[in-house]
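Read the structure below first, then the notes.
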Amino acid sequence: MMSRAEKLLDSRCSKIQGGTFHSFANLVLRKYGKSAGINSNFTILDQGDSEDVVNLIRGNTNFIDDKKRFPNKSTLFKIYSFSVNSGKKIEDIVEEEYPHFAFEIDKIVEIHRLYNEYKNNNNLFDYDDLLLKLRDFLLDFSPAAKSLLQKINFVMVDEYQDTNKIQAEIVQGLTQIRKNVMVVGDDLQSIYSFRGANFQNILDFPKLFPGCEIIKLEKNYRSTKQILTLANKIQDAAIYKFEKTLYSDNENGELPVIVCAEDESFQSKFIVNKILELREEGVKLKEIAVLFRSSYFSFNLEIELAKANIPYIKVGGMKFVESAHIKDVLAFLRVAVNVSDAISWYRILMMHEGIGPRSAQKILAEMSDRKFNFEIIVKDGNLLINKKLPDLFKLIYNLHNKNNRPIDKVSHTISYYTPFFKNLYDDFNKRNKDLEILTNLSEKYEHLDDMISDMAIEPPIDSAVDAALQDNETEFLTLSTIHSAKGLEWHTVFIIHLMDGFFPSVRSIDSTENLEEERRLMYVAATRAKQNLFLSYPMTIFDREAGHSYSKPSRFLNGIKSNIAESVLVDYKSLLGY
């Protein structure tokens, strides 16, 4: 964004401080760590690392009963993170979202306490800690915080509708001295409450900053007038919103189409036929998307696409740093920065032949007893690590102590790691490209801790393994959940499975707030389309227990008359052309 601004204006834009909330927090806390009451040499845990720490605590306690189901590491971390970001108590989240674990609440809360204690003892921060520490630093209003705020004349926040409680407090903290703040957002596109995003933040902004000016951006440059008329109709019934009406100068469009299919198979066949028809008309596959509320809605369609030889990508592939082989290499580099990072040590130790969970725990205990002091450990010939893994210890010792550039440390690490890499992964030839990318990325860094922080906070997205499939095709149809499609656009969009209980989801129907978010999700989906929009639902669906049962069209289609959208029935006869 700042790079674009610099091209449009001049070099002054390059001097603007900016980034995500998390990257900004990282920069501030590194610089003002002492004043914030923290050790600025902290290591950042990504989500996978955080879950591993939770799992370590979960497995080392006596909380788990073999006779009763207990939440796994992902569920536990999701509960803890949602509690931090939403401001809700862990107990309330468990009772509302995971009532089947209500009898384990005391254990869940205790594991959270131990998780925080573990992070504090090992100088580890997860993503939520970055926000919490920055908020506390700003609101404590220490001399250091005042010094920072004196340098900030203006604050701008993009996508403000997606901020959570802590992020809104950070914005307030940043504007304590000067109230020069502008936020940009669309209340009708607030769809991330499951991550802790607080819809009320944008609605309450005028109350938090009295006298603020509200500028409505109602002109839409993406969609046709016909699509926007339908989008406006969807949101007419919204309860919580700023009043606005979208319009467009582009009036050359067809009415959106509501497709009523006999069953799920007919819905899929209609979409495939329409895609082939559009392609013959010159619309490229990459300009077409099929959107859905939940990932499994597309399973039947994927079968039909394969039959028709239509290539597609399903959005939501693995991120670069989530790839196992990249996490392996980063583990070496992370302990070089923070030698007490036990989770990374454990991952490294478990790669080595002859080291199982018990041996790894013993080695970690030995190092912990000596407070991870390399000078003491390297001289103690009785240590298990020195007897079993002398080459590993030499590598880590050199990575930690030698003042080499990050690219040299990455190269040394990969040289050591390569035999394990080839042994661990059958497709190491494909994965090897990622190691080259990591080496190239490291070249721009002067300090290893900066690189490690960036890998955690703003990682590269695509893995070479995920990208390999795309090498054989020049274009793909896109299948995507609506959440993943936010901010994107296509010439033609299909929204499928528009049935009550599916979209809106059955879990949202009994809650006004949840139902309103589902309505906003529908609005986001509809406004991804530039030229053509198809809204489809099957009249019958198959259930293993009940067999075929009749479905009810989504309530979001209620009140959409023939002057807003055309209706089409798809059954056996229509597909044959009768």
Side-chain angles (χ1 to χ4, degrees), residues 3 19-20 23 26 43-49 52 286 311 313-338 341 343-353 389 391-476:
S3 176
T20 63
S23 63
N26 177 54
T43 297
I44 300 170
L45 301 170
D46 64 20
Q47 182 175 327
D49 299 322
D52 287 343
K286 65 181 181 180
I313 54 171
K314 196 167 182 179
V315 174
M318 183 168 289
K319 291 180 181 177
F320 180 78
V321 296
E322 291 173 353
S323 305
H325 50 297
I326 295 299
K327 289 183 76 70
D328 288 345
V329 176
L330 289 177
F332 289 93
L333 302 174
R334 286 160 64 102
V335 297
V337 171
N338 179 4
D341 183 349
I343 292 298
S344 294
W345 269 115
Y346 188 80
R347 185 182 190 95
I348 293 167
L349 293 172
M350 290 293 288
M351 294 178 203
H352 292 76
E353 190 175 347
L389 306 164
D391 292 336
L392 167 65
F393 206 80
K394 285 177 187 175
L395 171 72
I396 301 299
Y397 184 81
N398 288 332
L399 291 176
H400 180 70
N401 289 289
K402 286 191 176 179
N403 195 27
N404 293 340
R405 293 177 61 226
I407 188 171
D408 297 322
K409 295 189 177 187
V410 171
S411 298
H412 292 323
T413 300
I414 290 175
S415 295
Y416 178 86
Y417 171 67
T418 297
F420 304 100
F421 175 57
K422 291 181 176 179
N423 185 50
L424 288 168
Y425 305 106
D426 293 336
D427 59 346
F428 65 86
N429 284 327
K430 287 182 183 178
R431 294 173 184 258
N432 194 54
K433 182 66 177 175
D434 285 339
L435 300 185
E436 293 175 19
I437 292 170
L438 184 65
T439 304
N440 293 337
L441 286 171
S442 68
E443 191 170 13
K444 68 177 183 177
Y445 291 95
E446 290 297 324
H447 304 288
L448 186 60
D449 53 352
D450 291 337
M451 175 184 164
I452 296 299
S453 295
D454 282 358
M455 288 293 110
I457 297 173
E458 297 186 86
I461 298 299
D462 295 322
S463 158
V465 178
D466 296 319
L469 174 66
Q470 301 182 31
D471 292 340
N472 299 322
E473 294 284 352
T474 56
E475 59 168 334
F476 293 85

Subject >> Any residue meeting side-chain contact (heavy atoms from CB on, under 4.5 Å) with D52, in chain and number order, not counting sequence neighbours >> reply: K73, I343
**OP:** Give, for atom CG of L435 and atom CZ of F421, the distance between the pair rounded to the nearest 0.5 Å.
**Re:** 4.5 Å
Original post:
Which residues satisfy the side chain to side chain donor-acceptor pair (under 3.5 Å) test with S442, sequence neighbours excluded?
Top reply: none
**OP:** Go through the structure and list residues passing side-chain contact (heavy atoms from CB on, under 4.5 Å) with K402, not counting sequence neighbours.
**Re:** N398, N404
Original post:
Can you tell me how far the CG atom of D391 sits from the CD1 atom of I396, to the nearest 0.5 Å?
Top reply: 11.5 Å
Original post:
Does S344 have any side chain to side chain donor-acceptor pair (under 3.5 Å) partners at least two apart in sequence or in another chain, and if so, which?
Top reply: R334, D341
**OP:** Taking side chain to side chain donor-acceptor pair (under 3.5 Å) as the test, write out the residues that go with E443, two or more places apart.
**Re:** none
Original post:
In Å and rounded to the nearest 0.5 Å, what is the CG to NE2 distance from N432 to H325?
Top reply: 8.5 Å
Original post:
Taking C-beta and beyond as the side chain, do L438 and M451 meet within less than 4.5 Å on heavy atoms?
Top reply: yes
**OP:** Starting at CD1 of I452, measure out to CG of N338 and round the result to the nearest 0.5 Å.
**Re:** 10.5 Å
**OP:** Report yes if some heavy atom in the side chain of V410 is under 4.5 Å from a heavy atom in the side chain of Y445; otherwise report no.
**Re:** no
Subject >> For H352, all residues meeting side-chain contact (heavy atoms from CB on, under 4.5 Å), sequence neighbours excluded >> reply: I348, I355, L389, L392, Y416, F420
Subject >> Contacts of type side chain to side chain donor-acceptor pair (under 3.5 Å), residue Y346, not counting sequence neighbours >> reply: none
Subject >> Inter-residue atom distance H400.NE2 - L395.CG, 0.5 Å rounding >> reply: 13.0 Å
Original post:
Who are the side-chain contact (heavy atoms from CB on, under 4.5 Å) partners of D46, not counting sequence neighbours?
Top reply: D49, Y127, K327
Original post:
Could you give the distance from CG (L333) to OG1 (T43), rounded to the nearest 0.5 Å?
Top reply: 11.5 Å
Original post:
Is there a donor-acceptor contact under 3.5 Å from the side chain of N401 to the main chain of Y397?
Top reply: yes
